[in-house]
Amino acid sequence: MSNRVQNIRGMRDHLPPAMILRQYIIDTLTSVFERYGFEPLQTPIVEYAETLDGKIGDDEKLIYRFEDHGGRKVALRYDQTVPLARVVAQYQGRLLFPWRRYAIGQSYRGERPGRGRYRELWQADIDIVGSASPLADAEILAVLTDALTALGFTSFTTLISHRQILGGIARVSGLDNAAASNIYRAIDKLDKIGIDGVRNDLLQSGVNAAAAERILALINLQGDADEVLNALAQQLQGDERALQAIDNVRSIIDYARAMGVPEERIVIAPRLARGLSYYTGAVFESIIQNPPMGSLLGGGRYDDLIGMFAGRSIPTVGLAFGIERLHDVMEELGMGPASRTIAVALVTLFNPNMATESLRLAQELRRAGLLIETALDPSEKLGKQLQYANRRGIPYALVIGPDELARGEVVVKDLRSGEQQSVARSAVVSQLRAVADAWRTPRTAHDQGGMHERQTS
RNA sequence: GUGCCUGUAGCUCAACGGCAGAGCGCCUGACUGUGGCUCAGGAGGUUGUGGGUUCGAGACCCAUCAGGCACCCCA
């Protein structure tokens, strides 16, 4: 029997310093989502296996499956999109469309863990259910841009494409459906393996040289969004579906501009394939160049998925923020709250006789909304109590000794500077509140590096 | 799921097949209303785990677990 002390592979424990950052991420995302009218939804982590089967494509083998005590075949959710589809179908009569909903929670994928890849991963999903309007797609772009900006990111890029642009590229290159699905994976690797790498992959998967060059030219288009879309429209002439897709993306981008999404945040990237098979329309993902972390979020339009449950088409667009990746990147870049502890001040206990007075002070401050920790041992030397506060990173220590009590004052000591002053007891709240606000102000990114087109090699 | 690299004190890492160490951290004191800095002491290890080779294994071999990198794929 093993009694090892060990967490499960690919699943992380988050100690308080990490959780403070994660909660900051979640709080920030939540507040941006709600600013756009998205409503919270929570669903179970466990679903019937058949609910998940046949929805996500080849990755189905990565789903965690087991039988419950009653022998039912169940599975841990792979994402929060399929459960959303189930909910929409199940509660159609109680929901009003279009419906904006967000969901923040964990999903499970039996992948091999690596950088930015975990078997338990938290995602923050937003979706607009029941609207086919390109304005819905654009709103997702606006939310994502606001959210990453609010988190402190200064140089992210959102790649945008459309399933039928990709399809059009395959069709005008003379590939049938089977061949087409093979090339998507190859061209999606453009950023990683470069133009020559993709050419190699294409040729190796049986694409003839002429078709390969055609594909490479299309996925390697450079320029701003309008230029790339125009070039695509020109070269995909005759493919009605692709042209419609291009018009659709134009509309989405126009609306996004109207909502103030900066031009430099958007790149039309025909190479963008995205793995999940349920996407039907626009697809997008946001990336930063430094540190390298794949995509921070990904999403798109999936007009048929909910219909698989509901029996009628309910067009939907949405995306998932990868909280694990946001966390890892923000940690590496030193973003998020500077504080690594919760309390803004430690109320010390001067001695057993004075403890009551100190505890009374602590409760006053807590009722005023301040985050206060107290010492627990009135007989412990004051130096020990200060040392504890200092090590915990608590910025302030409060002391009430006999002198302070007699004068109705409190010593407020700044443990970072070492300075201290006696403050009238009635003024402690306002003084601490001011410093607490400054102390919890999050840091923004130093830089995530300039990012736009891939490095040309 | 495949290949490669790594795993030694709380942390970061040393140690030719021959007595397991350093820095930081931690504990005690110098410091009797005050942390940090300095100084003096001190504690802390079945070398991830289980086998094997050897007179002798932290080191070599096998297995296993965990982490990293590259595939694959994705948030």
Side-chain angles (χ1 to χ4, degrees), chain A residues 2-13 15 25 29 56-62 78-81 104-125 144 148 184-186 188-189 192-193 197 201 272-277 279 283-288 292-300 318-329 346 348-351 353-354 358 375 380-405 411-422:
Chain A
S2 168
N3 62 344
R4 66 179 169 178
V5 179
Q6 173 72 276
N7 54 323
I8 293 288
R9 178 174 170 82
M11 306 194 187
R12 302 195 280 181
D13 298 313
L15 297 181
I25 293 169
L29 293 178
I56 61 170
D58 292 342
D59 290 340
E60 200 157 297
K61 58 182 184 293
L62 301 178
Y78 182 86
D79 62 17
Q80 296 183 105
T81 307
I104 298 174
Q106 62 273 67
S107 297
Y108 296 85
R109 302 180 180 183
E111 296 182 279
R112 175 136 189 190
R115 178 174 174 80
R117 292 172 59 197
Y118 301 93
R119 288 181 172 173
E120 179 183 62
L121 60 141
W122 280 66
Q123 292 180 310
D125 279 40
L144 135 210
L148 290 179
Y184 296 153
R185 225 173 296 150
D188 196 35
K189 290 194 290 188
K192 188 178 269 187
I193 64 178
D201 277 19
L272 183 64
R274 300 212 38 78
L276 296 170
S277 63
Y279 293 118
V283 292
F284 28 80
E285 64 183 44
S286 295
I287 56 179
I288 59 172
M293 185 54 86
S295 50
L296 298 178
L297 59 86
L319 64 74
F321 290 79
I323 290 178
E324 307 307 330
R325 290 186 176 177
L326 290 172
H327 174 172
D328 290 352
V329 165
L346 176 80
T348 60
L349 303 177
F350 190 82
N351 63 31
N353 292 332
M354 299 294 305
S358 287
E380 187 175 56
K381 285 197 288 189
L382 191 59
K384 279 281 181 204
Q385 298 180 31
L386 293 173
Q387 183 184 61
Y388 167 82
N390 187 53
R391 285 182 180 170
R392 288 288 311 281
I394 299 173
Y396 289 88
L398 307 184
V399 182
I400 299 181
D403 299 347
E404 286 74 29
L405 183 59
V411 168
V412 178
K413 182 179 179 88
D414 183 334
L415 292 168
R416 294 160 304 179
S417 67
E419 290 168 11
Q420 67 179 56
Q421 52 181 312
S422 287

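For clarity, every value in this text was computed on a predicted model and none was experimentally measured. What you see below is based on every heavy atom in this structure, not just the backbone, and it leaves out hydrogens, waters and symmetry mates. Every chain is numbered from 1 and lettered A, B, ... according to where its sequence line falls, protein lines coming before strand lines.
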Nearest to the Gln6(A) side chain among rC71(B), rA75(B), rA66(B), which nucleotide is it?
rA66(B)

Sugar-phosphate only, base, or nothing, as touched by Gly299(A) at under 4.0 Å among non-hydrogen atoms
nothing

Thinking salt bridges, do Asp59(A) and Arg109(A) make one under a 4.0 Å N-O criterion?
no

Rounding to an integer number of angstrom, what distance separates rG7(B) and rU64(B) when you compare their C1' atoms?
13 Å

Sub-3.5 Å pairs of nitrogen or oxygen atoms, protein against nucleotides 30-33 of chain B:
from, atom 1, to, atom 2, distance (Å)
rG33(B), O6, Asp403(A), N, 3.3
rG33(B), O6, Asp403(A), OD1, 3.1
rG33(B), O6, Asp403(A), OD2, 2.2
rG33(B), N1, Glu404(A), OE1, 2.6
rG33(B), N1, Glu404(A), OE2, 3.1
rG33(B), N2, Glu404(A), OE1, 3.1
rG33(B), N2, Glu404(A), OE2, 3.2

Using a cut-off of 4.0 Å on non-hydrogen atoms, how would the nucleic acid contact of Leu62(A) be classed: base, sugar-phosphate, or nothing?
nothing

Rounded to whole Å, please give me the gap between CZ in Arg12(A) and P in rG67(B).
11 Å

rA14(B) versus rA22(B) - spacing of their C1' atoms, nearest Å:
7 Å

May I ask you to decide if Ser295(A)'s main-chain N or O and Arg325(A)'s side chain share a donor-acceptor pair within less than 3.5 Å?
yes

What integer distance in Å separates Tyr184(A):OH from rC72(B):P?
19 Å

Lys189(A) near the nucleic acid: base, sugar-phosphate alone, or nothing, with a heavy-atom cut-off under 4.0 Å?
sugar-phosphate

Nucleotide opposite rG58(B) in a Watson-Crick or G-U pair, distances under 3.5 Å:
none

Please confirm whether the shortest side-chain N or O distance from Arg112(A) to OP1 or OP2 of rC69(B) is below 4.0 Å.
no

Re rC24(B): Watson-Crick or G-U wobble partner, both distances kept under 3.5 Å, found to be rG10(B)

Does any nucleotide pair with rC4(B) by Watson-Crick or G-U wobble geometry, both distances under 3.5 Å, and what is it?
rG68(B)

Residues Asp328(A) and Tyr118(A): closest non-hydrogen pair is OD2-OH, 2.6 Å

rU28(B) to rA20(B) separation - C1' atoms, rounded to the nearest Å
26 Å

side-chain hydrogen bond (donor to acceptor under 3.5 Å, both in side chains) partner of Tyr388(A), chosen from Arg391(A), Gln385(A), Arg392(A)
Arg392(A)

Heavy-atom closest pair, residues Leu346(A) and Ile394(A)
N-CG2, 3.6 Å

For Leu15(A) and rC11(B), give me the distance from atom CG to atom P, rounded to whole Å.
12 Å

Glu111(A) has an atom CD; how far is it from atom P of rC74(B), in whole Å?
8 Å

Atom pairs under 3.5 Å, N or O on each side, protein against nucleotides 23-27 of chain B: can you list them with distances?
from, atom 1, to, atom 2, distance (Å)
rC26(B), OP1, Arg391(A), NE, 2.9
rC26(B), OP1, Arg391(A), NH2, 3.2
rC27(B), OP1, Arg391(A), NH1, 3.1
rC27(B), OP2, Arg391(A), NH1, 2.9
rC27(B), OP2, Arg391(A), NH2, 2.9

Starting at the 5' end of RNA chain B and moving along, which residue's nearest nucleotide shows up first, Met11(A) or Tyr118(A)?
Met11(A)

With both distances under 3.5 angstrom, what nucleotide forms a Watson-Crick or G-U wobble pair with rC74(B)?
none

Side chain of Ser295(A), heavy atoms from C-beta onward: which of rG35(B), rC71(B), rA75(B) has the nearest atom to it?
rA75(B)

With a 3.5 Å limit on both atom pairs, tell me what rG44(B) is paired to, counting Watson-Crick and G-U wobble, or say none.
none

For a quick test of reading the model, state the closest non-hydrogen atom pair linking Gln123(A) to Gln80(A) and the distance between them.
O-NE2, 3.0 Å

Does the rA75(B) base have a donor-acceptor partner in the side chain of Arg109(A) within less than 3.5 Å?
yes

Nearest 0.5 angstrom please: Asn7(A) CG to Asp13(A) CG, how far?
4.5 Å

Please tell me if Arg9(A) has a side-chain N or O lying less than 4.0 Å from either OP1 or OP2 of rG67(B).
yes

How is Asn351(A) classified with respect to the nucleic acid when contacts are heavy atoms under 4.0 Å: base, sugar-phosphate, or nothing?
nothing

My understanding is that a pair needs two contacts under 3.5 Å, Watson-Crick or G-U wobble. By that rule, which nucleotide pairs with rA63(B)?
rU49(B)

Does any nucleotide pair with rC39(B) by Watson-Crick or G-U wobble geometry, both distances under 3.5 Å, and what is it?
rG29(B)

Using the P atom on both, measure rU49(B) against rG35(B) and round to a whole Å.
41 Å

Starting from the 5' end of RNA chain B, give me the residue, Gly294(A) or Gly110(A), whose nearest nucleotide shows up first.
Gly110(A)

Work out how far the C1' atom of rG25(B) is from that of rA43(B), and round it to whole angstrom.
13 Å

Spacing of the P atoms in rC16(B) and rU6(B) (rounded, Å):
15 Å

Please report the distance, rounded to the nearest Å, between CD in Glu380(A) and P in rU34(B).
13 Å

Taking Ser358(A) for the side chain and Leu349(A) for the main chain, is one N or O donor matched with an acceptor at less than 3.5 Å?
no

Let me know the distance between CD1 of Ile25(A) and C1' of rA75(B), rounded to the nearest Å.
13 Å

Taking atom P in both rU38(B) and rC24(B), what distance in whole Å separates the two?
9 Å

Between Phe350(A) and Val399(A), does a side-chain contact (heavy atoms from CB on, under 4.5 Å) hold up when you go through it step by step?
CA-CA 7 Å; Phe350(A) 190 82; Val399(A) 182; 4.1 Å; yes

In whole Å, I'd like the distance from the CZ atom of Arg119(A) to the P atom of rA75(B).
17 Å

For the backbone of Glu111(A) and the side chain of Arg119(A), can you confirm whether one donor and one acceptor N or O come within less than 3.5 Å of each other?
yes

Might you point out which heavy atoms bring Ala273(A) and Asp188(A) nearest each other, and give the distance in Å?
N-OD1, 3.3 Å

Interatomic distance, Lys61(A) NZ vs rC74(B) C1' [rounded to whole Å]:
11 Å

Which base sits across from rA15(B) as a Watson-Crick or G-U pair, both distances under 3.5 Å?
none

Can you list everything that forms a side-chain hydrogen bond (donor to acceptor under 3.5 Å, both in side chains) with Glu324(A)? Sequence neighbours excluded, please.
Arg12(A), Arg22(A)

Donor-acceptor pair, distance only, cut-off 3.5 Å: does the side chain of Arg9(A) make one with the backbone of Pro113(A)?
no

Provide the distance between the two C1' atoms, one in rC62(B) and one in rC71(B), to the nearest whole Å.
26 Å

